[in-house]
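One structure is given below, encoded as structure tokens.
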2 protein chains.
Amino acid sequence: MSSINLKRLSQELGLSISSVSKALRDSYEISAETKKRVLEMAEKLNYQPNPFASSLRRKKSQSIAVVIPEIANNYFALAINGIQTVAQQKGYHVLTYLTHENSKDQDSTIKHLQGGRVDGVLISLCSDTANSQQLTDLQSAGFPVVFFDRIPDSPGCPTVSTDDFDGGFKATEQLIKTGCKKIAYLRVAGYLSTTENRMRGYLAALDRYNIPQNPKLIIECSNDDEQNQEIIKKALKMRGRPDGILSSVEKLAISTYYACGEINLKIPRDVKVISFSCLRTASLLSPSLSTITPPAFEIGKEAASLLFRMIEKKMFGNRVEKTVIKSVLIERNSSRK
Amino acid sequence: MSSINLKRLSQELGLSISSVSKALRDSYEISAETKKRVLEMAEKLNYQPNPFASSLRRKKSQSIAVVIPEIANNYFALAINGIQTVAQQKGYHVLTYLTHENSKDQDSTIKHLQGGRVDGVLISLCSDTANSQQLTDLQSAGFPVVFFDRIPDSPGCPTVSTDDFDGGFKATEQLIKTGCKKIAYLRVAGYLSTTENRMRGYLAALDRYNIPQNPKLIIECSNDDEQNQEIIKKALKMRGRPDGILSSVEKLAISTYYACGEINLKIPRDVKVISFSCLRTASLLSPSLSTITPPAFEIGKEAASLLFRMIEKKMFGNRVEKTVIKSVLIERNSSRK
DNA sequence: GAAAAAGATGAAAACGTTTTCGTAAACTAT
DNA sequence: ATAGTTTACGAAAACGTTTTCATCTTTTTC
């Protein structure tokens, strides 16, 4: 807390507060000579402007918020990395809020944010969201909000996401091509745009290859890893058990590996597995895991860039940008013949 | 940006600004009846106090900063999770800053933080820090700073870390017990308290078991994964190549796996591996990776708790707290006979 | 029933900036 | 020399709170 402020600085220099302020902001009203003196003194006294006074006066926080379900997750960690890269370069500060997949937490966070603490919000929705009134309020007030990854269905929102439908389709196709007939889809509890779209891709692929859809093969998991392992084990032991698994999120693939280990099913011999995942060690797993990898870092970067464009009002009229960045499918041993 | 403020609220209620402010802060000066009216109106108009005005006046930011080298890293992601848990519960906001292992970035971050944007700082030092003047300035100004994981050597700093020496010792011991005679230690470039202490544990274990220390087996890696893979490959091809590897950080273990794959060395047959790591999938790797796992989440939680104790001045005099939380060693196939 | 105490409210200063506006002094053009 | 313009600076208001202090009313006390 450097208690040295403009007043102190101006006294030291024998100038008025306003002149010093202008000098520091490089105003044309101040002579080059004076600016130099001011800069030097500021440096010497290690002057740091009070960000709150500045924000209060300018009605600009120089901060953005990132609201995500969790952070100990390869995807979100990478996305934040991308976001920070852009924000730090723009001289913006980044506030992170975790919702823990809890819409109550998400709503209260959004509500607090209305106070003006940030100039914009990047958000990936939590899974138990029905429809957040807070969020629509925020947006309709003209507040810059960009959704990434888990986005709302409503068309009026700026979003950055990946081609989930396509990913789900291609992953399923891949399983089909290696001979799978009974492909299970692992989805998480609640509603997620990603899970939903990936599933639509999965179903479309089944149709395309004339494989009958089977509701029993759409397996809803929870938010608890141990519970999921049980759910998956049960699915793998049922009559007409799946010979292929498409996991909509990384953690379910991991649970699948553990589940198979416990009931002595060999991947890929007994069941083939492919999963959406940003796991860096996918190729080192036993067996190596086939993945559809969303470009998390780029999505974060793109979402942040879009947000800053909105903040800086460099938007073309009211056009709502919807960016989609392709995922990449990498076939590895877990889904090979 | 709810443009409804105290003034507006007070007009609506026919009260003075000060009374409304006091009512909202539940002051004893205001009658219960009035408080109720105020609360109701605030709710109705969705009043959100301006955080900057409040911070400016109270000289309290209700925010803390987390300064870390990177975020796409299991350890730091977990630690932040712990930090957020505590902060969110305390009603504090969390600002994250990435230094990218760059002391310039770190210094400029610290410098900005002196403006009073936060009430305290949690920091894990970057690897190319010699000694940050900014940081010592900040501390000696009485500003609350807690170091976690990568901590300074100076005794005057509050820290939360794990028993790195012990971890290094036990990991090395484990390799020795499975018959390794030439154990390499993989360290990262620059200076890290963790790497250093783990190495001291490693060297102590060698001494304890009468294995001669060999400087050629202490291998300094870089910050670039591809480069590291080359470095490790080279080390594994040299005369008197290591038969055991202790990796001081997770990413070097991963590079080791790749390196072994490329030159056809089988883990653990040809070389045994153990690593410090928070990888959730350690047991699913091929082969499963033996790890010393620092309790990242707990370290984050503990560090944040300590910071809040400092912020709230609930410290006992000037005693500097140095918390150490034990890591746990899990033997898996990569280091078995 | 007067003095003292308690209760409830409001006016205004303060926090540290930024910005608008005013005004000297210096310069330019006629 | 005079009017106009430019240059460089300062005074003061404003941002939205919090807090101190004063004020007025009501209640208590002897």
Side-chain angles (χ1 to χ4, degrees), chain A residues 1-39 41-42 45-63 91 93 112-119, chain B residues 1-39 41-42 45-63 91 93 112-119:
Chain A
M1 231 172 298
S2 80
S3 70
I4 129 107
N5 52 22
L6 279 187
K7 190 172 169 192
R8 179 73 198 291
L9 204 51
S10 63
Q11 285 169 347
E12 215 72 34
L13 286 156
L15 285 168
S16 73
I17 291 181
S18 46
S19 296
V20 176
S21 172
K22 288 176 200 165
L24 290 170
R25 311 204 110 244
D26 200 25
S27 161
Y28 69 97
E29 289 182 284
I30 303 296
S31 71
E33 193 187 11
T34 307
K35 278 181 191 167
K36 186 154 164 274
R37 273 184 63 217
V38 171
L39 263 323
M41 184 61 80
L45 299 186
N46 192 29
Y47 167 73
Q48 291 297 331
N50 182 310
F52 303 120
S54 179
S55 287
L56 176 59
R57 180 59 229 244
R58 305 180 58 207
K59 291 174 172 297
K60 267 295 212 164
S61 68
Q62 288 284 93
S63 307
H93 301 259
H112 280 299
L113 258 24
Q114 302 199 1
R117 189 178 289 272
V118 294
D119 298 339
Chain B
M1 238 174 292
S2 82
S3 70
I4 130 107
N5 52 21
L6 279 188
K7 189 171 168 192
R8 179 73 198 293
L9 203 52
S10 62
Q11 284 169 347
E12 215 72 35
L13 285 156
L15 285 170
S16 72
I17 292 182
S18 46
S19 295
V20 177
S21 172
K22 287 176 200 166
L24 290 170
R25 312 203 110 244
D26 200 24
S27 159
Y28 69 98
E29 291 181 285
I30 304 295
S31 71
E33 193 187 11
T34 306
K35 277 181 192 168
K36 184 152 166 276
R37 273 184 63 217
V38 171
L39 264 321
M41 184 60 80
L45 299 185
N46 192 27
Y47 167 73
Q48 291 296 333
N50 182 309
F52 303 121
S54 179
S55 287
L56 177 60
R57 179 60 230 241
R58 305 180 58 208
K59 293 175 171 293
K60 268 295 211 166
S61 68
Q62 288 285 93
S63 308
H93 301 259
H112 281 299
L113 259 23
Q114 302 199 2
R117 189 178 288 273
V118 294
D119 298 339

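Just so it is clear, the model here is predicted, and its values are computed rather than measured. Convention: sequence-line order gives letters A, B, ...; per-chain numbering from 1.
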Next on the checklist: What I'd like to find out is whether the side chain of A:I4 reaches to under 4.5 Å of the side chain of A:N46, using heavy atoms alone.
Outcome noted: no
Item to check | Under 3.5 Å donor-acceptor, B:S21 side chain and B:I17 backbone | outcome: no
Checklist entry - Could you walk me through whether A:L24 and A:L9 pass the side chain to side chain contact (heavy atoms under 4.5 Å, CB included) check? => result CA-CA 11 Å; A:L24 290 170; A:L9 204 51; 4.3 Å; yes
Item to check | Atom-to-atom span, CD1 of B:I30 to C1' of D:dC24 - whole angstrom | outcome: 14 Å
Item to check | Touch class at under 4.0 angstrom, heavy-atom based, for A:T34 against every strand present | outcome: sugar-phosphate
Next on the checklist: Is there a side-chain contact between A:N5 and A:N50 in this structure, where contact means two heavy atoms from C-beta onward sitting under 4.5 Å apart?
Outcome noted: no
Checklist entry - Counting N and O atoms only, with roles assigned by atom type, does the side chain of B:S18 sit under 3.5 Å from a partner on the main chain of B:S16, one being a donor and the other an acceptor? => result no
Item to check | Backbone of B:L13 reached by a side-chain donor or acceptor of B:R37 within 3.5 Å | outcome: yes
Checklist entry - Among all residues two or more places apart in sequence or in another chain, which pass the side chain to side chain contact (heavy atoms under 4.5 Å, CB included) test with B:S54? => result B:R58
Checklist entry - Separation of A:D26 atom CG from C:dT19 atom P, in whole Å? => result 14 Å
Checklist entry - Taking five pairs at each end, how big is the angle between the two axes of the helix from C:dG1-D:dC30 to C:dT30-D:dA1, to 10°? => result 40°
Checklist entry - NZ of A:K60 versus P of C:dT19: gap in Å, rounded? => result 12 Å
Checklist entry - When you check every protein heavy atom under 4.0 Å of nucleotides 15-21 of chain D, what one-letter string (B, S, -) results, 5' to 3'? => result BBBBBBB
Next on the checklist: Once rounded to the nearest 0.5 Å, what's the spacing between atom NZ of B:K59 and atom CG of B:D119?
Outcome noted: 12.0 Å
